[in-house]
Amino acid sequence: MPSSDLMEKIVSLCRKRGFIFQSSEIYGGINGFWDYGPLGVELKKNIKDAWWRDMVRNPPLGPNGQEITMVGLDCSIIMNRKVWVASGHASGFQDPMCDCKETKKRYRADQLEVFSGHPEVNPPLMYAFIKGDEESLKLAIKKAEKAARAAGKKFTQPVHSVSYMTLAKNADARNQVVGPDVEVPGTLTEARPFNLMFETHAGAIKDDDNLVYLRPETAQGIFANFKNVVDSSRVKIPFGIAQIGKAFRNEVNPRNYTFRSREFEQMEIEFFCHPSESRMWYEYWRDVRKNWYSTLGIRSEKLKPREQTPEELAHYSVGTTDIEYLFPFSDEHQELEGVAHRGDFDLKAHMEHSKQSLLYFDEDAWNRDAAGRSTNSFVAWLKGNPSPEEVAKYQFIPHVIEPSAGADRFTLAVLCEAYTEDKAPNADGKLEERLVMKFHPRLAPVKAAIFPLVKKDGMPEKAYALYRELKAHFNVQYDDGGAVGRRYRRQDEIGTPFCITIDGETMQNDTVTIRDRDTLVQRRIPISSVLHELRTLIG
RNA sequence: GCGGGUGUAGCUCAGUGGUAGAGCUCCACGUUGCCAACGUGGCCGUCGUGGGUUCAAAUCCCAUCGCCCGCUCCA
C-alpha cells in the first residue's frame, strides 16, 4: 500500500475511534494544534507512564552495573525571560527573514550575502546570493557579468561579500540589491524578525516590560533548577533530572499530522556527570533510549539511530544521535528523539547570565583522595594553588547528556506501528479483512474487554461483576451489544489485547475464556485468576 | 509564506441552479452458545465558514479557514 494511503487510513481511524481530533474543530480548527480523545489520552498517558517508570523510577543499570540516580521535576511553562536569553533562544528563535516581492520567495536574511557589481556600471548594483549555495553564487556572478558587459566593462569575481543584514535597514541600499532569483534590483523587503517562540504578557498590562515566552523546550527549567535539586535532594553526580511537559514552537509550517505541532509534549532527561565520563554516559543513554523503543514494540527495521555528522552538530555538542522512525508519511526516517552530548554549555550559560555558581563539588572524590593531603578543607587546599586539572577532579561544571523525546511523536509512531490489516475468519469460517491495532499491552488504551457470550441465562450479570472487579485495576470495557464476533472486532480496532468471555461453561464451573488479539487463540482459565493473569500479561 | 488539489451524515461517497440522498456505522427491542449474522424501529447534515449573484445556490462568483501534495522553514 502506498505510504500516503496508509497514513490517511491511520488518521481516519484515529478520528473515528477517538484517538486524535483536530483542535477546536467546530470553529474550523487551528493549524498545528491537536486534541487527544478518550482513547488517545489513555494511550499517551500509558506512554508517559512507561517512560517515567522505566527511566525515572527504575532506570536500567549503568555501564558498570551500578544503580542510576534519577529524580523528577515539573517546571512552569512560563519562566523569567532571562532564561531564554541565557539559553540563546531569545536571539536564536528570532530569525530575521526577508521576502522577495517579485518571486514571493522568503529567505533567512542572515543567510543572504551581497557583493558589489562592477564599480563603473551605472546605476551601481549589488547582487544577493544564499550563503554556502554554489549555484546561487554562480547565478549572481553571471548577472553581474552580464550587467558589466552591457556597459562595456568586464566583471570577473566578487572581491568580497557582506551580509544582507548590514544594509537591510537602508531602503536606498536595498533598492540596489538584485535578489537571488530575480534580474531586477529592489525586490527584497527589509529583514523582519520571525519569532518562533510564542509570546504573552505576565500581568494585565501588555507592555515590553512584562513580555514572557511560552517555553520552546522543557530542558531549560531543569538547568535553571539544577542547584535547587542538588541542594534539596541529596543527589550525587552522576545523576539525572527528568521532566515531562508541554512546549511550544511557532512553527512556520506545521505538517504531517501531529508530527510537527506548535504545541507538543516532551519527555526529557538531563543527565549530569563528570566531564571525563561524559562520553561513556552519552553512549549509555543512546543505547538505553534506542532499546526502550524496541521493548515497546517498535520494529527494529523502522527504528534507526543516526549519529549526526560534524556539520550538523550544534557548536557546543560533542555528539548527538537522533533516534529516527520511518513514518508512513515520509520515505525518510524522522526524528523521535535526540540524544545530545551538550557538554557544559547550558550550565555555563546560566552561570554567566544568572551570576550564580552552578559548580558541583564532588565530596566523594574529595574524601577518597584524603590520604596524603595536609588539609581536609577544600577552600584551604585551593589556597595552595593546585593545578586546574587537580581542582577539576573535585569541583567542576558537570557535563550534560540530554535524551529528549517527543511524547506526541512517539504516540504517533506507536499508532503507525500498531496499524495492521490482516485476515480473520467470519461466522462461516471464511477469511475476511480485519483491522487491528497491535499495541504493546503496556501501551494499549484498553487492557481488556469483558463480554457475556449472549444476553441471557445470567451471563450479563456475571460478566458485569467481573468488569466491576477489574476496572479498579485496569482500563477495561464491558460490552453486551450485538453478536460476540462484532464485539471482538470492535476491540481489535482499538487495540484491546485481551477479551474475556463469560459463556455457558462459566455458569457451570466458573471458568472463562481469554482471547488473544493477535493470534485469536482462546484459553480457558478460572474466573478467580483473571486479575492475576492480566497483570502477568500486561507487565 | 508561495503554488496546486480538496471540503456534502460518525465513515465512504452520489448529487452541475428547482423539496439534501445511499450504503455502512451508531442506538433500542427481539433474536443470537465464540469472531463485523438476522428482523423491526430509530438518531444524525442551515452541504467547512462568511459574503455576493439569482424568484431560487451543495451547485455560479468573491473572501476566509482547515486538510493533502510540492517548495520554503525546522534554533
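Side-chain atoms are counted along with the backbone in the values below, which use heavy atoms only and exclude waters and symmetry mates. Quick note on labels: first sequence line is chain A, next is B, and so on, each numbered from 1. In this text, all values refer to a predicted model and were calculated from it rather than measured experimentally.
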Looking at [X], does any N or O in its side chain come under 4.0 Å of the phosphate oxygens OP1/OP2 on [N]?
{"X": "A:Arg486", "N": "B:C26", "value": "yes"}
{"X": "A:Arg515", "N": "B:C34", "value": "no"}
{"X": "A:Asn426", "N": "B:A37", "value": "no"}

With both distances under 3.5 Å as the test, what is the Watson-Crick or G-U wobble partner of [N]?
{"N": "B:A37", "answer": "none"}
{"N": "B:C55", "answer": "B:G18"}
{"N": "B:G70", "answer": "B:C2"}
{"N": "B:G42", "answer": "B:C26"}
{"N": "B:A63", "answer": "B:U49"}

Return the nearest nucleotide to the side chain of [X]; candidates are [options].
{"X": "A:Arg260", "options": "B:C74, B:C67, B:C35", "answer": "B:C74"}
{"X": "A:Pro425", "options": "B:G66, B:A75, B:C35", "answer": "B:C35"}
{"X": "A:Asn256", "options": "B:A75, B:C69, B:G66", "answer": "B:C69"}

### Query
So, does the side chain of A:Glu493 form a donor-acceptor pair with the base of B:A36 at under 3.5 Å?
yes

Round to the nearest Å and state the distance from [X] atom [atom1] to [N] atom [atom2].
{"X": "A:Asp181", "N": "B:G1", "atom1": "CG", "atom2": "P", "result": "20 Å"}
{"X": "A:Glu8", "N": "B:G5", "atom1": "CD", "atom2": "P", "result": "17 Å"}
{"X": "A:Asp428", "N": "B:C34", "atom1": "CG", "atom2": "P", "result": "13 Å"}
{"X": "A:Gln522", "N": "B:C34", "atom1": "CD", "atom2": "C1'", "result": "6 Å"}

### Query
Can you name the nearest heavy-atom pair linking A:Leu39 to A:Pro445, along with the distance?
O-CB, 3.6 Å

Between protein and nucleotides 8-12 of chain B, what N or O pairs are separated by less than 3.5 Å?
residue	atom	partner	partner atom	Å
B:G10	O3'	A:Arg15	NH2	3.4
B:C11	OP1	A:Arg15	NE	3.0
B:C11	OP1	A:Arg15	NH2	2.9

What pairs of nitrogen or oxygen atoms, one from the protein and one from nucleotides 27-33 of chain B, lie under 3.5 Å apart?
residue	atom	partner	partner atom	Å
B:U32	O4	A:Lys455	N	3.0
B:G33	O6	A:Asp457	OD2	2.6
B:G33	N2	A:Lys456	NZ	2.9

### Query
So, A:Phe226 versus A:Phe223, ring centres under 6.0 angstrom or not?
no

### Task
Run the ring-centre check on A:Phe271 versus A:Trp285 and record whether the distance is less than 6.0 Å.
yes

### Task
Using a 4.0 Å heavy-atom cut-off across all strands, classify A:Phe259 as base, sugar-phosphate, or nothing.
nothing

## Note on the structure
Regarding B:G48, purine or pyrimidine glycosidic angle vs 90° from 0 gives anti

Contacts under 3.5 Å, N or O only, protein and nucleotides 40-47 of chain B:
none

#### Entry: Derivation of the ring pair (Phe, Tyr, Trp, His ring centres under 6.0 Å) call for A:Tyr257 and A:Trp34
CA-CA 9 Å; A:Tyr257 203 30; A:Trp34 301 93; 5.0 Å; yes

